[in-house]
Amino acid sequence: MEKITATLALLGILSLFCQWLGWKLRLPAILPLLIAGLLLGPAFNVLDPDALFGDLLFPIISLGVAVILFEGALTLNFKEIKDHGRMVTNLVSIGAITTWGICAVASHYFIGFSWEIALLFGALICVTGPTVIVPMLRTVRPTAKLASILRWEGIVIDPLGALFAVLVFEYIAVASDPTSHILTALGLMLSIGLGIGAISGYLVGIVLRRNLLPHYLQNTAVLTIMLGVFVGSNLLQEESGLLTVTVMGIWLTNMRGVDIGEILEFKETLTVLLISALFILLAARLDSSAMLSLGWGGLVVLVVVMFIARPVSIWFSAIGTSLKSNEKWFLSWVAPRGIVAAAVSSLFAIKLEALGYEGVAQIVPLVFLIIIGTVVIQSLTAGTWARRLNVAAGSNHGILIFGASKFARELAKVLLARQFRVVLADSNWDNIRLARMDSIPVYFGNPASEHAENYLDLTGVGRVFIISPYRQMNPLVSFHFQDIYGVDKVFGLNSAEAASARHQMSETYVKRLSLFGEHMSYAKLSSMVARGAVIKTTNITENFTFEHFVKRYGDGALPLIYIKDKKLHVITGNTNNTIPNDVELISLISAHALLEAKGSDALEQSLQPNKDQAAAS
């Protein structure tokens, strides 16, 4: 028992370290997790999950996969699929079926799988997944359209591909039972899985919609109910539990009037821990001799997956879309496989071995070979491929603004009109709604959350403005994006509390509290806007210099940003307030300063005839 406890603690520490290492190196965390598992297992024989956990190993993997599939299903909102274009819809339907067929045929002929196992293998590796796609996109930085397609393909195919693999497995499990009729047994399994899943999802949705549980119990209750439904479904019909929890999650996320935002964030946090520990365990179970026994056949299947199945599925899916050839070729190269394929294949392999299927021992090492090959090769080459095909996003002059107040919305509209990418993030729904009405790209929620890792499109973004009233959240968002973009790319407004709490904050953070001026705070900005201040653009030239601008508007003008040679330059309290010539200055000007400037213009115009007469005489 003490050995199991020590091993679980070691897995937790290793999981945390591998996640940190993946974040630090800008790589999918699956790579360091895989290496850790291989070193502990096949390489040095430090960890033998089967010997250590014995009969508990299967329940651990089974419950872990159930949570992963349920969390993935919570992201499958059918309305969002429609909103993200025809290409995404085609990829998760036509593309997935094409990949399934080609990969099944390849594994049958080059590995020797039976047709049943080959079809299961094809279904397993249809799944890409956001946990491997998102870190790669941050490094590669393709155009916004391609990044959106790849990210949403991973999000949607994650639960759909897993559901498809579950259905194929259940057919195989039913067909192996000589005492039951296939259609009857399969119909019973589908009825229980679909029925209980839909009913439990609906009932949980009713509980959440009517607030029948206190807020602090909702996350724990949903997780507990899901695990209970999983076990109960398996008791009614063996192997139906995974289908049940997947349907339950899909039903819950598509139910009207049910807010699952916090539940999803809680599940994602839990899933990070489960994914990490589970992947180390699964990698440690790999048999090095089984990997070597794949031989050239395994490499041929990898080549088919990368160079035949993916390109064919992309070009079929792109029929009728506006994608160009270079965009299709880039999409053809990026399709790394992830944790869902590894976890589900390991679980199914254990079950199929118990059912007496031959050749099942090779399915897990082959899936891991596909994962290693696609993640490593594509991570190293996708950036070069994107630049060669001219689909890289280029310079990151876009801005993420945390806080969607009226000022932030007006600033965003000015920048968008000048072809700069801007995304507003806020946890206030009214602000987000107003921004959407102005056609501004938005993210509803905390931009530093796990949910934002998958859903917040930061393509083309290279700077972050913290312009929100949320004093407790602002430092968290600031530190989060400093780690991603660097300290000099994250800017925040001054805070009334900053001066009295400098001893509680790092000097690095305090120095960043000078956006638009050392003493400019959110309260001052909001007050100016409430009193009628407007954002105005002014061309600073040799004939109308910044000194003229200051003389014209005086203290009523607050310079914000200037644009020179199509590049944004942020004005802060740490920069010289002198603006060069030949730039477009964006500033916030008070209503009083505007009124005085108009009065001065009117006086100038009225005096102009007298000046002309004096000059003539």
Side-chain angles (χ1 to χ4, degrees), residues 1-19 29-30 33-34 36-42 45-73 124 131 162 165-166 169 173 220 222-235 238-246 248-249 266-287 338-355 360-361 363-365 367-368 371:
M1 185 60 69
E2 290 182 358
K3 189 175 182 181
I4 294 178
T5 304
T7 302
L8 291 175
L10 176 63
L11 284 175
I13 295 171
L14 277 176
S15 300
L16 178 62
F17 175 74
C18 291
Q19 289 285 347
I30 197 171
L33 289 169
L34 177 65
L38 292 175
L39 290 176
L40 288 175
N45 293 319
V46 175
L47 176 62
D48 183 356
D50 294 270
L52 184 66
F53 294 102
D55 293 338
L56 290 176
L57 181 63
F58 176 76
I60 291 173
I61 296 176
S62 184
L63 291 175
V65 171
V67 174
I68 291 171
L69 293 187
F70 179 67
E71 185 271 330
L124 287 168
T131 56
V166 168
F169 168 77
T220 307
V222 172
L223 174 64
T224 305
I225 292 170
M226 183 275 295
L227 293 176
V229 168
F230 171 72
V231 174
S233 180
N234 277 336
L235 291 175
E238 194 174 356
E239 314 301 349
S240 66
L242 294 179
L243 175 61
T244 301
V245 296
T246 305
M248 178 182 174
F266 169 73
K267 292 291 185 301
E268 286 170 343
T269 304
L270 181 64
T271 306
V272 168
L273 177 62
L274 281 173
I275 285 176
S276 303
L278 194 59
F279 202 76
I280 292 175
L281 280 176
L282 297 177
R285 290 188 73 246
L286 282 176
D287 186 352
I339 184 63
V340 171
V344 178
S345 65
S346 298
L347 178 64
F348 289 171
I350 295 174
K351 293 184 176 182
L352 290 173
E353 283 178 352
L355 294 175
V360 176
I363 195 170
V364 174
V367 168
F368 271 84
I371 293 172

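None of the values given here were measured: they were computed from a predicted structure.
Across Ala284 and Pro42, no two heavy atoms sit closer than the pair O-CD, 3.8 Å. Taking all atoms of both residues into account, the shortest heavy-atom contact from Thr244 to Ser240 is OG1-O, 2.9 Å. Closest approach of Ala342 to Phe368, counting heavy atoms only: CB-CZ, 3.8 Å. Between Val364 and Ala349 the shortest heavy-atom distance is CG2-CB, 3.5 Å.
Separation of atoms CG (Leu63) and CE (Met226) is listed at 8.0 Å; rounding is to 0.5 Å. Note: Asp50 CG to Ile350 CD1 = 7.0 Å, rounded to the nearest 0.5 Å. Between the CG atom in Leu235 and the CZ atom in Phe230 there is a gap of 10.0 Å [rounded to 0.5 Å]. Here the CG atom belonging to Leu278 is positioned 9.5 Å from the CD1 atom belonging to Ile60, to the nearest 0.5 angstrom. Here CG of Leu39 is found 11.5 Å from CG of Asn45. Values are rounded to the nearest 0.5 Å. Residue Leu40 holds its CG atom at 7.5 Å from CG of Leu11, rounded to the nearest 0.5 Å.
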Working for side-chain contact (heavy atoms from CB on, under 4.5 Å), residues Leu242 and Val344: CA-CA 10 Å; Leu242 294 179; Val344 178; 5.6 Å; no

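In this structure, Phe169 and Leu124 have side chains that are not in contact, with every pair of non-hydrogen atoms separated by 4.5 Å or more. A heavy-atom distance below 4.5 Å is found between the side chains of Val360 and Ile363. By the 4.5 Å heavy-atom criterion applied to side chains, Val67 and Leu227 are counted as neighbours. Residues Met248 and Ile225 form a side-chain contact, since some pair of their non-hydrogen atoms from C-beta on lies under 4.5 Å apart. Looking at Val166 and Phe348, their side chains come closer than 4.5 Å, going by heavy atoms from C-beta outward.
A donor-acceptor contact closer than 3.5 angstrom is absent between the side chains of Ser15 and Ser276.
No donor-acceptor pair closer than 3.5 Å links the side chain of Ser233 to the backbone N or O of Val229. Asp48 places no side-chain N or O within donor-acceptor distance of the main-chain N or O of Gly41, the cut-off being under 3.5 Å.
Tested against Leu281 for a side chain to side chain contact (heavy atoms under 4.5 Å, CB included), the candidates Leu47, Ile61, Leu52 yield a single pass: Leu47.
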